[in-house]
S.K.: 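Got a structure for you, questions after.
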Amino acid sequence: MPANKNQQNPAFFLTTPIYYVNARPHLGHTYTTVAADALARWKRTRGFDVRFLTGTDEHGQKIERSAAKAGKTPEQFAADVSQEFRALWDRMGLTYDDYIRTTEERHKRGVQHLFRVLQQRGFIYKGKYAGQYCVFDELYVDGPPGTVCPDCGRLTETVSEENYFFKLSAFERRLLEYFEAHPEFIQPEARRNEVLAFVRSGLRDLSISRTSFNWGIPVPGDEKHVIYVWMDALANYITALGYGMEQHPLLDRYWPAQVQLIGKEISRFHCVYWPAFLMAAGLPLPQTVIAHGWLLFEQSKMSKSRGNIVRAETVLDVLGADALRYFLLREIRFGQDGSFSFDALVQRYNADLANGYGNLVSRTLAMIGKYFDGRIPEGAVDAGLQAEAEQAITKVSSGYDALQFSDALDALWRLIAQTDGYLTANAPWKVAASEDAASRKRLAEILYSAAASIRVITALAYPVIPDAAAKVWKQLGLGDIATADLKHLTWGGLQPGTRLGEPGPVFPRAEKEAISRMQAIEEQHPARATAEAEKQPAVFQNPAAVPVSPKVVPPEPTAFTPTAVPAAPPTQSLTAASPGLPAAAEANPAVAAPATGKISIEDFARVELRVAQVLKAERVPNADRLLRLEVDLGYEQRQIVAGIAEAYAPETLIGRKVVIVANLAPRKLRGLESNGMIVAASVGEKGRPVLAGFLEDVEIGARLK
RNA sequence: GGCGGCGUAGCUCAGAUGGUUAGAGCGACGGACUCAUAACCCGUAGGUCGACAGUUCGAUUCUGUCCGCCGCCA
């Protein structure tokens with residue numbers, strides 16, 4: 001990427017999170033990165049010296065395990081996935097200036113330097129952690145032995161290990177004062193309030209090293225320890241600028257960042273830990289951390305059983321990058337959650353891009369071609385249209401500046417409609433029927449005004465639909481939009497006499513079948529296995545039924561674990577066990593791999609699946625996900641504790657017939673004994689459980705074979 | 001459980017320090033036009049503004065309770 005070297009211009013450093021290579025790139029990652037790219041492009045057109053950073057986060061126990069499962073070294077595994085991200089961004093033409101990988105030497109050096117600095121400044125000490133630990137989430141959990149992980153519902157392990165700690169508690173007051181003095185630091189408001197509440201409730205020191213695995217950056221001077229993944233990851237924003245090197249001109253030039261874009265699920269790390277690290281290191285804080293919402297995947301009504309992990313490539317194949325960019329930024333109010341569906345995408349594409357922008361360009365340029373031999377006519381300007389265009393410039397600009405992409409695009413498309421309305425109202429094709437001078441003059445005015453409006457529209461649309469804008473810019477005869485000076489965009493920049501470029505469709509209408517085509521592509525893709533697997537019955541939960549030993553890598557399938565359920569790959573049950581997992585955190589690639597170990601019929605026969613009827617159901621106090629059920633098997637009644645409280649209200653279950661694993665060894669959950677598990681499909685990004693059932697009435701106690 | 005947010009037309013959402021007929025876009029329906037990508041333009045749609053109660057001359061907009069959804073609580 002050619003960096004803008006003009007030191008006269010104000011620096012603008014913009015970052016996305018670095019993506020954890022445990023998941024393959026999907027639309028969630030694309031959303032963040034596209035928003036950042038649009039902002040980067042916008043700021044560049046406004047004359048800022050933009051530096052746009054993205055990259056991948058590659059350390060941690062999860063990567064170590066996933067690599068082992070994939071039969072690769074962690075280095076190779078991380079490199080492969082990192083390359084997938086990078087290839088996608090390149091294919092989409094994203095204009096990042098730097099792509100950092102946490103396995104790079106420059107990063108390791110920077111992180112170790114940061115560690116030493118914090119140590120020297122007295123913010124790091126060695127201590128001992130004794131308590132509960134969730135192996136799956138690599139998370140310390142509060143509570144007595146037997147506590148379930150609040151994130152995934154699995155039983156925690158009791159551990160005791162020596163750690164380095166960061167004195168986070170020392171920054172409680174300073175952080176609050178900073179938030180107070182800089183209300184714009186955390187956006188939007190809702191996130192800010194959450195962070196404030198969190199800090200106000202008191203900060204404890206943060207464990208920042210691990211000894212239980214090796215795949216990470218060693219603590220300088222104590223190589224048994226590996227630096228905690230979050231400290232490692234967050235530091236990328238400065239190590240990418242040369243932090244830790246003797247000379248760091250980029251750091252001097254670009255830090256602090258103006259905008260750090262993140263997904264809302266990682267706001268605590270970016271709004272509490274990160275500023276505290278920076279304060280401790282004596283570095284200035286970023287100007288704003290902006291959290292966007294989640295991208296949810298709506299199931300299309302045509303196939304309800306569809307899984308919902310969508311890859312950007314599918315959309316690129318069928319509609320192109322601009323379509324995806326436009327949809328994500330137009331349809332979703334930035335900051336709020338939004339949903340994606342192929343239906344809505346094609347709808348937006350046709351209504352706004354094909355019928356709106358594309359058609360306006362097409363009709364206007366066709367008439368200039370026909371009536372003025374392909375040259376921009378010399379004509380007076382329609383004052384009304386000019387005023388509307390100028391108003392749009394203001395509105396769209398302020399929308400982009402505020403990262404309110406949907407507002408900006410809304411205002412821009414209003415101008416498109418106004419220009420379309422202007423043409424229809426003045427009917428140039430009728431005016432053209434008369435050859436007299438007055439009519440020619442009138443015709444020139446109408447078409448010049450429309451073309452001038454299209455020029456403004458195109459310039460303003462460029463950050464969001466760069467490819468299409470570049471095409472139209474050429475068709476207008478204005479050359480390469482990338483080199484155009486859009487900083488002082490005004491109405492009057494279109495020179496009469498300019499010869500139009502080659503005309504051609506910019507956004508051809510999409511047929512209805514585009515929807516089914518994209519759906520088909522998704523289904524055929526190998527990575528689809530992730531979503532496919534979620535459609536299969538997974539055994540749900542009894543979190544305790546999941547192997548919890550930290551050394552189980554991978555968990556050995558036995559007939560008594562959920563893994564024995566046909567067609568559900570071993571780790572699928574692990575995914576199913578995390579109903580609360582946010583969009584950006586799912587998709588263990590190991591899940592995507594086809595099931596490796598097949599089981600024999602005898603293995604399956606060991607699992608006793610039976611029909612049971614729910615007699616009683618009630619919530620387990622202080623456990624958001626757990627329900628205590630009493631079920632009737634015909635030959636006996638028993639108690640089961642199941643993690644389905646978020647999907648089913650207790651009263652709706654009473655009388656319902658469900659499928660249970662009847663011969664599961666009993667486990668205690670929250671002090672309650674659970675005798676068996678309920679079988680449910682795990683649906684969607686969040687693994688919402690859907691209970692298995694029968695279309696016909698089935699006798700209680702019947703066995704499934 | 002504690003704290004916070006949300007619930008407005010078929011869909012996605014605006015909005016109101018309380019006040020004549022509650023808005024936009026899309027979809028649907030009707031009309032007009034033919035330069036253009038079966039497109040564009042015009043018009044129509046009558047939604048108890050989640051439920052109930054209160055404050056008020058008057059509430060969808062304020063207060064309370066409830067229901068539903070969501071987020072944060074290392």
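Below, read A as the first sequence line, B as the second, and so on, with proteins coming before strands; counting in each chain starts at 1.
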S.K.: In whole Å, what separates the P atom of B:C29 from that of B:U21?
M.R.: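 Approximately 31 Å lies between the P atom of B:C29 and that of B:U21.
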S.K.: Would you measure the distance from the P atom in B:A22 across to the matching atom in B:U65 and give it in whole Å?
M.R.: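 Taking atom P in both B:A22 and B:U65, they lie 30 Å apart.
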S.K.: In plain terms, say whether A:Glu331 and A:Arg348 are close enough for a salt bridge, that is, a side-chain N and a carboxylate O under 4.0 Å apart.
M.R.: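 Looking at A:Arg348 together with A:Glu331, the answer is yes, because their closest N to O distance falls below 4.0 Å.
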S.K.: Measuring only the C1' atom in each nucleotide, how far is B:G10 from B:A45? A whole number of Å is fine.
M.R.: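 11 Å, rounded to whole Å.
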S.K.: Are the side chain of A:Asp205 and the backbone N or O of A:Ser169 linked by a donor-acceptor pair below 3.5 Å?
M.R.: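 Yes, because the side chain of A:Asp205 sits within donor-acceptor range (under 3.5 Å) of the backbone of A:Ser169.
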S.K.: In residues 506-516 of chain A, what donor-acceptor pairs under 3.5 Å come from side-chain atoms, sequence neighbours left out?
M.R.:
unit_1   : atom_1 : unit_2   : atom_2 : d
A:Arg509 : NH1    : A:Asn355 : OD1    : 2.9
A:Ser516 : OG     : A:Glu513 : O      : 3.0

S.K.: Name all residues meeting the ring-ring contact (aromatic ring centres under 6.0 Å, His included) criterion together with A:His292; count only those two or more places apart in sequence or in a different chain, and write none if there are none.
M.R.: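 For A:His292, the residues satisfying ring-ring contact (aromatic ring centres under 6.0 Å, His included) (neighbours in sequence not counted) are A:Tyr31, A:Phe334.
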S.K.: Closest nucleotide of RNA chain B for A:Asp205 versus for A:Asp352: which of these residues is on the 5' side?
M.R.: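 Looking at RNA chain B, the more 5' nearest nucleotide goes with A:Asp352.
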S.K.: Work out how far the P atom of B:G58 is from that of B:G1, and round it to whole angstrom.
M.R.: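 Result for the P pair: 37 Å, nearest Å.
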S.K.: Taking any heavy-atom pair under 4.0 Å as a contact, classify A:Leu206: base, sugar-phosphate, or nothing.
M.R.: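 Counting heavy atoms under 4.0 Å across all strands, no contact is made by A:Leu206.
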S.K.: What interatomic distance, in whole Å, is found between P of B:C13 and the corresponding atom of B:G50?
M.R.: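 It works out to 15 Å between them.
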S.K.: Can you pull out every ring-ring contact (aromatic ring centres under 6.0 Å, His included) where at least one residue sits in residues 406-429 of chain A? Sequence neighbours excluded, please.
M.R.: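 Sorted pair list: A:Tyr326-A:Trp413.
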S.K.: Taking A:Asp317 first and then A:Arg517, would you say they form a salt bridge - that is, a charged N and a carboxylate O separated by under 4.0 Å?
M.R.: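 Looking at A:Arg517 together with A:Asp317, the answer is no, because their closest N to O distance does not fall below 4.0 Å.
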S.K.: Inspect the contact between A:Asp410 and A:Arg414 and indicate whether a charged nitrogen and a carboxylate oxygen are less than 4.0 angstrom apart.
M.R.: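 Here A:Arg414 pairs with A:Asp410 in a salt bridge, since their nearest N and O are under 4.0 Å apart.
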S.K.: Listed by chain and number, what are the ring-ring contact (aromatic ring centres under 6.0 Å, His included) partners of A:Tyr371, not counting sequence neighbours?
M.R.: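 For A:Tyr371 there are no ring-ring contact (aromatic ring centres under 6.0 Å, His included) partners, ignoring immediate neighbours.
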S.K.: Write out a two-atom table: protein N or O, nucleotide N or O from nucleotides 30-34 of chain B, distance below 3.5 Å.
M.R.:
none

S.K.: Rounded to whole angstrom units, what separation is found between the CZ atom of A:Arg333 and the C1' atom of B:C13?
M.R.: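 That distance rounds to 8 Å.
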S.K.: How close do A:Asp337 and A:Lys264 get, counting heavy atoms only, and between which atoms?
M.R.: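 Nearest heavy atoms, A:Asp337 then A:Lys264: OD1-NZ, 2.9 Å.
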S.K.: Mind checking salt bridge (Lys or Arg N to Asp or Glu O under 4.0 Å) for A:Glu388 and listing every partner two or more places apart, or none if nothing turns up?
M.R.: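 In terms of salt bridge (Lys or Arg N to Asp or Glu O under 4.0 Å), with neighbours along the sequence ignored, A:Glu388 is linked to no residue.
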S.K.: Please confirm whether any donor atom in the side chain of A:Arg268 sits under 3.5 Å from an acceptor in the base of B:A74, or the reverse.
M.R.: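 Flag unset: no donor-acceptor pair detected.
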S.K.: In which stems does RNA chain B show up, taking only runs of three or more Watson-Crick or G-U wobble pairs whose two distances fall under 3.5 Å?
M.R.: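 Stem list for RNA chain B: B:1-7 with B:67-73, B:10-13 with B:23-26, B:28-31 with B:41-44, B:50-54 with B:62-66.
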S.K.: Output all residues satisfying salt bridge (Lys or Arg N to Asp or Glu O under 4.0 Å) with A:Asp420, sequence neighbours left out; order by chain, then residue number.
M.R.: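 Only A:Arg363 meet the salt bridge (Lys or Arg N to Asp or Glu O under 4.0 Å) criterion with A:Asp420.
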S.K.: Near RNA chain B, which residues from residues 184-195 of chain A have a heavy atom under 4.0 Å away?
M.R.: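 Under 4.0 Å from RNA chain B: A:Arg191, A:Glu194.
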S.K.: Roughly how many Å apart are B:C33 and B:C42, using the P atom of each and rounding to a whole number?
M.R.: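 Approximately 15 Å lies between the P atom of B:C42 and that of B:C33.
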S.K.: Have a look at A:Gly504 and say if it touches a base, only the backbone sugar-phosphate, or nothing, with a 4.0 Å heavy-atom cut-off.
M.R.: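 No contact at all - A:Gly504 keeps every heavy atom at 4.0 Å or more from the nucleic acid.
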S.K.: Touch check for A:Tyr140, heavy atoms < 4.0 angstrom, all strands: base, sugar-phosphate only, or nothing?
M.R.: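 Since only primed, P, OP1 and OP2 atoms lie under 4.0 Å of A:Tyr140, the category is sugar-phosphate.
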S.K.: What is the minimum heavy-atom distance between A:Ala444 and A:Glu378, and which atoms define it?
M.R.: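 Closest heavy-atom pair between A:Ala444 and A:Glu378: CB-O, 3.4 Å.
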S.K.: Name all residues meeting the salt bridge (Lys or Arg N to Asp or Glu O under 4.0 Å) criterion together with A:Lys126; count only those two or more places apart in sequence or in a different chain, and write none if there are none.
M.R.: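 By the salt bridge (Lys or Arg N to Asp or Glu O under 4.0 Å) rule, A:Lys126 matches A:Glu162, A:Asp222.
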S.K.: Have a look at A:Leu168 and say if it touches a base, only the backbone sugar-phosphate, or nothing, with a 4.0 Å heavy-atom cut-off.
M.R.: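 Base, at least one base heavy atom under 4.0 Å.
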S.K.: Could I get the full list of salt bridge (Lys or Arg N to Asp or Glu O under 4.0 Å) partners for A:Arg191, not counting sequence neighbours?
M.R.: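 Expected list: A:Glu194.
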S.K.: Between B:G19 and B:U61, how far apart are the C1' atoms? Round to whole Å, please.
M.R.: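 Looking at atom C1' only, B:U61 and B:G19 are 11 Å apart.
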S.K.: Base, sugar-phosphate alone, or nothing: which one does A:Gly358 contact when heavy atoms must sit under 4.0 Å apart?
M.R.: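 Base contact.
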S.K.: Please report the distance separating the C1' of B:U60 from the corresponding atom of B:A74, rounded so that it comes out in whole Å.
M.R.: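 So the two C1' atoms sit 41 Å from each other.
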S.K.: Could you write out each protein N or O paired with an N or O of nucleotides 43-45 of chain B at a distance under 3.5 Å?
M.R.:
none

S.K.: How are the rings of A:Tyr140 and A:Tyr133 set relative to one another: parallel (under 30°), tilted (30 to 60°) or perpendicular (over 60°)?
M.R.: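 Ring orientation, 0 to 90° scale: tilted.
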